Enquirer: 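If you scroll down you'll find the structure; I have some questions about it.
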Protein chains: 2
Amino acid sequence: MAELTTLKRSKQRDAIVAFLKTRKDHPTADMVYQEIRQTIPNISLGTVYRNLSLLSDRGEILRLSCDGKTDRFDADIRPHYHFICKQCGCVQDVDLPYQEDLDHLANASFSGTITAHELLFQGICSTCESGSTH
Amino acid sequence: MAELTTLKRSKQRDAIVAFLKTRKDHPTADMVYQEIRQTIPNISLGTVYRNLSLLSDRGEILRLSCDGKTDRFDADIRPHYHFICKQCGCVQDVDLPYQEDLDHLANASFSGTITAHELLFQGICSTCESGSTH
DNA sequence: AATACAAATAATAATCATTACTATTTTGGA
DNA sequence: TCCAAAATAGTAATGATTATTATTTGTATT
């Protein structure tokens, strides 16, 4: 996975990272693609996927699997939790510090070794709550 | 999603549920298919997918999205946590009660309404630890 | 600045998991 | 037994992602 080859910069990869840093909604690969096309019209979708995988393999961005469907990407690599709205499917950050004690608690009765966890909250986002469309 | 149509029994669906109840490793749709074929040789993969979706929509089984790739299914519908091995990818149950306080903590600083969460632990399973293959 | 070579790209094809379609069969109540 | 709804097998289609390949680009070295 994470081969340690020498990276060479490309304006495509730079644009992908720069775009991700402006966003807090954890875009999918296709959302990144649609956005970068505005400035680099002939960028290939494969290039977007390859760079997103390369960057997350190297730990420069986070890959999130919130629904079973498409992965999302996050330029904020600090450990933090996420929320997904059951109605509109939007993904947001949750302002709750990483709970290390969960790893200790779980390890106590686990046969292998637990080193980390991912926590995904579910519910209804504020937008869906106000505009009652159900 | 969850249409409330009258169910009619089928030996295919019965076999799927019965099989899932014998397993604690949260099989994928294809694993279910491969197993059921042993007793119902001409079962269709589409039938397996349709029934797994139908059953999880009705809350009779759980659908798990542990890696970004393929969904897994669990006949144990009580809220509980899971573990995925970073080395072999196996999925196991974690013996830790559902932490309701996490939902309260997260809600305190959240704009919408959080009703539940999913928690996935990561690390190395005991099998990978003993057989050191790296 | 020119050279050289590895890395990156665009474009396309291929793969994998999953869903949709359709004609036929099965189920369970009238 | 009869019938309509539900379920099925088999197949085609979809959507997300990865692989392939010929060409282009970045950067270290002359």
Side-chain angles (χ1 to χ4, degrees), chain A residues 1-20 26-58 60-73 84 89 91, chain B residues 1-20 26-58 60-73 84 89 91:
Chain A
M1 293 224 163
E3 323 87 31
L4 295 181
T5 55
T6 352
L7 281 199
K8 285 180 180 172
R9 292 184 65 182
S10 74
K11 67 170 191 281
Q12 289 85 348
R13 182 160 57 237
D14 287 351
I16 290 168
V17 173
F19 168 62
L20 274 184
H26 319 88
T28 64
D30 195 65
M31 290 165 73
V32 173
Y33 173 60
Q34 297 302 341
E35 179 66 27
I36 307 290
R37 293 181 78 180
Q38 305 300 116
T39 44
I40 309 176
N42 69 332
I43 192 173
S44 161
L45 182 56
T47 296
V48 173
Y49 271 104
R50 182 168 29 74
N51 277 300
L52 289 172
S53 291
L54 183 150
L55 289 163
S56 59
D57 282 350
R58 295 188 164 241
E60 296 180 38
I61 63 173
L62 281 186
R63 179 194 295 266
L64 313 177
S65 301
C66 294
D67 52 3
K69 310 277 178 181
T70 67
D71 285 352
R72 290 168 170 270
F73 297 89
I84 185 167
V91 176
Chain B
M1 294 217 165
E3 324 88 31
L4 296 181
T5 55
T6 351
L7 281 199
K8 284 181 181 174
R9 292 184 67 182
S10 74
K11 68 170 192 282
Q12 289 85 346
R13 181 158 59 236
D14 287 351
I16 290 168
V17 173
F19 169 62
L20 274 183
H26 317 89
T28 63
D30 196 65
M31 291 164 73
V32 173
Y33 173 60
Q34 297 302 340
E35 178 66 26
I36 308 289
R37 293 181 78 180
Q38 305 300 114
T39 45
I40 310 175
N42 68 333
I43 193 174
S44 160
L45 181 56
T47 296
V48 173
Y49 272 104
R50 182 167 30 74
N51 277 299
L52 289 172
S53 292
L54 183 150
L55 289 163
S56 60
D57 282 351
R58 293 188 165 242
E60 296 181 37
I61 63 174
L62 281 186
R63 179 193 295 266
L64 314 176
S65 300
C66 294
D67 52 2
K69 311 276 177 180
T70 67
D71 285 352
R72 291 168 169 270
F73 297 90
I84 185 166
V91 176

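All values reported here derive from a predicted model rather than from experimental measurement. So that the names make sense, note that chain A is the first sequence line, chain B the second, and so on, each numbered from 1. These values consider heavy atoms only, across backbone and side chains, with no hydrogens, waters or symmetry-generated copies.
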Enquirer: Using atom types as modelled, flag every donor-acceptor pair under 3.5 Å from a side chain in residues 9-18 of chain A to any protein atom, sequence neighbours excluded.
Expert:
unit_1: A/R9; atom_1: NE; unit_2: A/D14; atom_2: OD2; d: 3.3
unit_1: A/R9; atom_1: NH2; unit_2: A/D14; atom_2: OD2; d: 2.8
unit_1: A/S10; atom_1: OG; unit_2: A/R13; atom_2: N; d: 3.1
unit_1: A/R13; atom_1: NH1; unit_2: A/N51; atom_2: OD1; d: 3.0
unit_1: A/R13; atom_1: NH2; unit_2: A/K8; atom_2: O; d: 2.4

Enquirer: Looking at every non-hydrogen atom in both residues, tell me the closest pair between A/R72 and A/H26 and how far apart they are.
Expert: NH1-O, 2.8 Å

Enquirer: Determine all donor-acceptor pairs shorter than 3.5 Å in which one atom belongs to a side chain in residues 28-39 of chain B; sequence neighbours excluded.
Expert:
unit_1: B/T28; atom_1: OG1; unit_2: B/M31; atom_2: N; d: 3.2
unit_1: B/T39; atom_1: OG1; unit_2: B/I36; atom_2: O; d: 3.1

Enquirer: Return the 5'-most residue of the pair B/R63, B/S10 with respect to DNA chain C, ranking by each residue's nearest nucleotide.
Expert: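 Checking each residue's closest nucleotide, the 5'-ward one belongs to B/R63.
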
Enquirer: Within residues 38-52 of chain B, find the residues that approach DNA chain D with a heavy atom at under 4.0 Å, and present them sorted by residue number.
Expert: B/N42, B/I43, B/S44, B/T47, B/R50, B/N51

Enquirer: Kindly calculate the angle separating the two end axes of the helix from C/dA1-D/dT30 to C/dA30-D/dT1, each obtained from five base pairs, and round it to 10 degrees.
Expert: 30°

Enquirer: Quick one: list whatever passes side-chain hydrogen bond (donor to acceptor under 3.5 Å, both in side chains) with A/S65, sequence neighbours left out.
Expert: A/D71

Enquirer: Write down the atom of B/L52, the atom of B/I61, and the distance for their closest heavy-atom approach.
Expert: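 Minimum heavy-atom contact is O-CD1, 3.7 Å.
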
Enquirer: Heavy atom of residues 12-20 of chain A under 4.0 Å from DNA chain C: which residues?
Expert: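 Listed by number, they are A/Q12, A/R13.
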
Enquirer: Would you classify B/D71 as touching base, sugar-phosphate or nothing, given that sugar-phosphate means primed atoms plus P, OP1 and OP2, and contacts are heavy atoms under 4.0 Å?
Expert: sugar-phosphate

Enquirer: Could you walk me through whether B/L20 and B/L55 pass the side-chain contact (heavy atoms from CB on, under 4.5 Å) test, one step at a time?
Expert: CA-CA 11 Å; B/L20 274 183; B/L55 289 163; 5.7 Å; no

Enquirer: Which is the 5'-most and which the 3'-most nucleotide of DNA chain C that has an atom under 4.0 Å from a heavy atom of chain A?
Expert: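 First and last nucleotides in contact are C/dA6 to C/dT19.
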
Enquirer: Over all heavy atoms of both residues, which pair between A/C66 and A/V91 is shortest? Give the atoms and the distance, please.
Expert: SG-CG1, 3.9 Å

Enquirer: Excluding sequence neighbours, so at least two apart, what forms side-chain hydrogen bond (donor to acceptor under 3.5 Å, both in side chains) with A/S53?
Expert: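 Checked A/S53 against side-chain hydrogen bond (donor to acceptor under 3.5 Å, both in side chains); matches are A/R63.
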
Enquirer: Mapping B/K11 and B/K8 onto DNA chain D by nearest heavy atom, which one lands closer to the 5' end?
Expert: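 On the 5' side of the pair lies B/K8.
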
Enquirer: For B/R50, which residues count as a side-chain hydrogen bond (donor to acceptor under 3.5 Å, both in side chains) partner, sequence neighbours excluded?
Expert: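 In terms of side-chain hydrogen bond (donor to acceptor under 3.5 Å, both in side chains), with neighbours along the sequence ignored, B/R50 is linked to B/T47.
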
Enquirer: Give the first and the last nucleotide of DNA chain D, reading 5' to 3', that has any atom under 4.0 Å from a heavy atom of chain A.
Expert: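 Nucleotide range with atoms under 4.0 Å of chain A: D/dA16 to D/dT27.
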
